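Report on the following structure.
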2 protein chains.
Amino acid sequence: MATMRDVAARAGVSAKTVSRVFNNDPHVLPETRSHVEQIMKELNYVPNVLATTFRSGRSSAIGVAVPDIVDPFFAAIARAVDTVARDRGVATLLTNLGDDPGRERDILESLLSRRLAGLIVAPVGVDHSWLKRWTDSTPMVFVDRAPAGLSADTFADNDEAGGYLATHHLIGHGHRRIAYVADTLRLSTETNRLAGYRRALTEAGIEPDDELVAAYVNDRESTEAAVTRLLGLPDRPTAIFSSNARSSMLVVHALPANELAVVGFGDFPMADILHPALTVIDQDPDQIGRFAANRVFERVDHPKRRLRRTTILDVTLIERESCKVARH
Amino acid sequence: MATMRDVAARAGVSAKTVSRVFNNDPHVLPETRSHVEQIMKELNYVPNVLATTFRSGRSSAIGVAVPDIVDPFFAAIARAVDTVARDRGVATLLTNLGDDPGRERDILESLLSRRLAGLIVAPVGVDHSWLKRWTDSTPMVFVDRAPAGLSADTFADNDEAGGYLATHHLIGHGHRRIAYVADTLRLSTETNRLAGYRRALTEAGIEPDDELVAAYVNDRESTEAAVTRLLGLPDRPTAIFSSNARSSMLVVHALPANELAVVGFGDFPMADILHPALTVIDQDPDQIGRFAANRVFERVDHPKRRLRRTTILDVTLIERESCKVARH
DNA sequence: TTGTACGCGTTATCAG
DNA sequence: CTGATAACGCGTACAA
């Protein structure tokens, strides 16, 4: 591993000159430059990014932290960020937070202590006030969910509107007994979707019924149990609003085909090939990722510029077939 | 951002003592230790990982580079690596390579120049000889595909056996005209699967027919075109072997339901919910990720230990319904 | 145009 | 057990 000094010694110049050549400083004689470049090639010189970052305090990488890389929604956000960052010659470092809120701080702090140029987080924790210490040294952007106990740039979907849209659409198809299926109800995204669901019902003169809300649907057993319970209800539902993609996949799997109408929150690969093809609320993770990445760079380039902190993105309904299943 | 010196000054000790406390060096008086710990808490001291890594040369992070994070196969590998690394208190930095072989080197070199403890790569490039320069400073493990022009630890699936298994299974269901659908034919994984396909045919006394091989199936149009061509053949196929998950999703989408029997290489979410549910060759990405991560740490802990370089993992056939579609 | 001195935050060495 | 000093590789400030 050749260092700058090695190159300098071999080229008969000072380390500083090598540095200048590498950073395209114009104040170098063309002949000196080409000579040094020659030696750099010979020695296969690669600058130690660590030393550069350490010295300058400015890193050329941004971090992305998401609850679960395997979730196509978060994967798509990450890829979009990577695309934007790469255009700028910036590397993207992705990390999995997992679903344990208690670990979030350790993981994020380990990322931050690498002195990244910026950080994009889809949080799982319940408190982010401890991040204040980092906010003036590292631009931070939250996606999917806003932070708790901290004011920061946020790009989130209009979950309430999405919940409303889905439910309203099912009501439009004549349904009045509509079940709500969720994973955890701890996160604000879920509670907002639930609120939208309730608003649509109330607006249509339907009394929300807590018996129709099934939470903690996150694996095959819990889904089977929830579906069985719902179908066994005396006044059983004719439709289901599944509030996240993972639950949607599970519900579609557990439900006898064409038994109930279904609308899911969050599109996923293959949703359009199912029988019946699943009607969904689309979140456009690609857009979220691009916005978040651009915001990070905007904060890097213009630290003082004043910008609206919170951006709520519209969601749209993609109508396919599952919403048209007839009421039994 | 308090530094070690700040803590040292406030605690009335030297920086080295703070360092010792932080690194649990036993040679510190308990009272000194608790006093320093107190101050560290007061000042919210977080060590600068960058400086530590820079100085010591030892990083506490490993890198993972995959062609596409959104592909559930690679995402699962990455998550498995992360799980193993976290148990060891090591952070995982994930990066997207994209499908441009030309960019691979830049991206990997940018990761390596951060002086990671190890690197796990699912390569997309055609030459990796340039990596030799890094191999003695950074343990490297390849997954999914072996490197080209470089000898390194590799955990790959038995692609040839998988291709054979799938084709043999279809032959067992009475098919003799079996099409082979692929994305690129550039990568060794694909050519090995193709070799297995040919071996199964030959072994059954069936002459491989190049007209039945459709390559470059990677988006909706190319898939439509390929399927139309295959179905229009005078002696048209009665079954398809799709050699990767992405092609499988596309083929299943483009094919009229129950028109041809299908077996796909690589399982994916929802494959079991399709109509008919897709029979697949399962690759167990979770196992690959765990193996790769453990190997990295083994190389870190025991640099001199001699280990078998290449590990070929068995694949299995998950029989569902799509292989049973009758011959028309 | 080029070079010298110094420091970023931490750890290794060696002395006390 | 504790501290002073040097060094990791590079960039900044200033001098030549």
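Proteins get letters first, then strands, A, B, ... in listed order; numbering begins at 1 in each. Everything quoted here is computed from the prediction, not taken from an experiment.
Counting only distance, with no hydrogens or angles, the side chain of B:Arg79 and the backbone of B:Asp286 share no donor-acceptor pair below 3.5 Å. Side chain of A:Arg86 to main chain of B:Asn96: a donor-acceptor pair is present (N/O by atom type, distance under 3.5 Å, no hydrogens or angles). Between the side chain of A:Arg145 and the backbone N or O of A:Pro123, at least one donor-acceptor pair lies under 3.5 Å. The backbone N or O of B:Val84 lies less than 3.5 Å from no partner atom in the side chain of B:Asp87, so there is not a single donor-acceptor pair.
Every pair tested for ring pair (Phe, Tyr, Trp, His ring centres under 6.0 Å) that includes a residue from residues 76-96 of chain A fails, sequence neighbours excluded, so the list is empty.
Residue B:Ser56 has no polar side-chain atom (N or O) positioned under 4.0 Å from OP1 or OP2 of C:dA12. Between A:Tyr45 and D:dC10 there is a side-chain N or O to OP1 or OP2 distance below 4.0 Å. A sub-4.0 Å separation between OP1 or OP2 of D:dC10 and a side-chain N or O of A:Thr53 is absent. Contact check, B:Thr52 against C:dT10: no side-chain N or O comes under 4.0 Å of OP1 or OP2.
Looking at heavy-atom distances under 4.0 Å, B:Arg58 makes contact with sugar-phosphate atoms alone, never a base. When heavy atoms are screened at a 4.0 angstrom cut-off, B:Pro30 is found touching no nucleic acid atom at all.
In this structure, CG of B:Asp6 is placed 13 Å from C1' of C:dT10, rounded to the nearest angstrom. Here C:dT11 presents its P atom at 9 Å from CZ of B:Arg55, a figure rounded to the nearest Å. Straight-line distance from the CG atom of B:Leu43 to the C1' atom of C:dG9: 15 Å, rounded to whole Å. Between the NE2 atom of A:His27 and the C1' atom of D:dA13 there is a distance of 14 Å, rounded to whole Å. A straight line from CG of A:Leu50 to P of D:dG9 spans 11 Å, rounded to a whole angstrom. Atom-to-atom, CE of A:Met4 to C1' of C:dC6 comes out at 14 Å; the value is rounded to the nearest Å.
Residues A:Trp130 and A:Glu109 have side chains that never bring a donor and an acceptor to within less than 3.5 angstrom of each other.
Heavy-atom distances under 4.0 Å link DNA chain D to B:Thr17, B:Arg20 of residues 17-25 of chain B, given in residue order.
Comparing C:dT13, D:dC10, D:dT12 by their closest approach to the side chain of A:Lys16 singles out D:dT12. Of the candidate nucleotides C:dT1, C:dG3, D:dG9, D:dG9 has the atom nearest to the side chain of A:Arg5.
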**Report entry** side chain to side chain donor-acceptor pair (under 3.5 Å) between B:Ser151 and B:Arg309, intermediate numbers included
**Finding:** CA-CA 8 Å; B:Ser151 167; B:Arg309 275 281 159 85; 2.6 Å; yes
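Remark on DNA chain D: of its neighbouring residues A:Ala2 and B:Ser14, the 5'-side contact belongs to B:Ser14, judged by nearest-heavy-atom nucleotide.
With centres under 5.5 Å and a plane angle under 30° as the test, the ring of A:Phe54 is not stacked against the base of D:dC10.
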